[in-house]
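Take a look at the structure below.
Convention: sequence-line order gives letters A, B, ...; per-chain numbering from 1. Scope of the values below: all heavy atoms of this structure, side chains included, with no hydrogens, waters or symmetry mates. Here the structure is a predicted model, which is why all the values come from computation and not from measurement.
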There are 2 protein chains.
Amino acid sequence: MAGSKLDEIDRKILAELQADGRMTNVELAKRVGISAPPCLRRVRTLEDAGYIRGYHADVSARDLGFEVQVFAMVGLVSQAEVDLSVFEGKCREWPLVRECHMLNGEVDFLLKCVAPDLSTFQSFLTEQLTSADNVASVKTSLVIRCAKDVPGVPFEILEERVRQLESGL
Amino acid sequence: MAGSKLDEIDRKILAELQADGRMTNVELAKRVGISAPPCLRRVRTLEDAGYIRGYHADVSARDLGFEVQVFAMVGLVSQAEVDLSVFEGKCREWPLVRECHMLNGEVDFLLKCVAPDLSTFQSFLTEQLTSADNVASVKTSLVIRCAKDVPGVPFEILEERVRQLESGL
DNA sequence: CGTGAAACCGTCGCCCC
DNA sequence: GGGGCGACGGTTTCACG
């Protein structure tokens, strides 16, 4: 269940497609060292098994006019499961909210938001988020700049672990 | 500079490729209502202009054995530009750190980290992050669950704004 | 931006190990 | 079980109108 059913070729396929999701299948096959048909079969299998959830173009938010990125730390009044779910449902409906993570610790949820400008975000903050039922507190932090934003997982770490497991047989 | 040089077709292309980055060019052309060659030319132009930064398969971290996701709030001793850059450089080299955002407010940086398990993360936390030069404080929060994680930007908002701008001519 | 053509690719059936 | 070969249909990507 923890990546154990994948062999080295599967992991290479995932790593390559994570790095370049538009690569042609023949190019991918060449890189992982098999021919195209089995390579495509593996990709389909990985997709169907849920290892690959989709493919997305990484668009530049800033260039598209989304100049504001904000992290919002949200505390709720009630942390009963029903109330958590209700809040999560709202987050899914708010387009400005791109990520909603439930955390341990002082704060209940961490939200990543984008907006075209500060006033758009402020409207959302006061009219939607802060005034939503069950929301006790909201603390926001503007992103000044982003030093790193890489998608997915570090396959280097995965390979390292596999090597350790194999040597420890 | 704020998405103003893009026409409606360009925005549709970006929205479609954000939703499905592996769509064939003919399918994309059909959806945006032009023929394939000009569609491909537009895609190339958008790529070259930086509106599209790349294409990535969205792989399932959990299924690959990365069971732990953590947000780390980092405070530095010195916020001089040189020292900020040095810290950002380290974040870029740490594979467990996937995102590094500089924030306003109490905390200097917010890091999103992934790890195969808690002990791997703890090692990274104590041996690398907390003990790095210039790091004053680190507060971490485990992600209990993720209610929403959509890539990119909300094109609905963009179209809404374009409509407002056009009606206000 | 569209059309046509050539090269390439995705995909299938079949054979092999 | 998985990988390779060959072939067909669709796609990418030119040059040109």
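The distance from atom CG of A/Leu40 to atom P of D/dC8 is 19 Å, rounded to the nearest whole Å. Rounded to whole angstrom, the span from the CG atom of A/Asp7 across to the C1' atom of D/dG1 amounts to 12 Å. Remark: P of D/dG3 and CG of A/Asp10 are 8 Å apart, rounded to the nearest angstrom.
A/Val77 belongs to no hydrophobic cluster, as no Ile, Leu, Val, Met, Phe, Trp or Tyr side chain comes under 4.5 Å of its own.
Between B/Trp94 and B/Phe87, the ring planes are perpendicular. Angles over 60° get that label, and only those under 30° would be called parallel.
Looking at which nucleotide of DNA chain C each of B/Pro37 and A/Arg41 is closest to, the 5′-most match is held by B/Pro37.
Using a 4.0 Å cut-off between charged nitrogen and carboxylate oxygen, B/Arg53 and B/Glu47 do not count as a salt-bridge pair.
Separating the C1' atom of D/dG9 from that of C/dC15 is a span of 22 Å, rounded to the nearest Å.
Scanning atom types as modelled, no donor and acceptor separated by under 3.5 angstrom connect the side chain of A/Arg42 and the base of D/dG2.
Within residues 15-36 of chain A, the residues having any heavy atom under 4.0 Å from DNA chain D are, by residue number, A/Ile34, A/Ser35.
Sparse packing is recorded around CD of A/Glu106, with 12 or fewer heavy atoms of other residues, nucleotides or ligands lying under 6.0 Å away.
Rounded to the nearest 0.5 angstrom, A/Ile13 CD1 and A/Glu16 CD are separated by 9.5 Å.
Nearest heavy-atom pair across A/Leu111 and A/Cys100 is CD1-SG, 4.0 Å.
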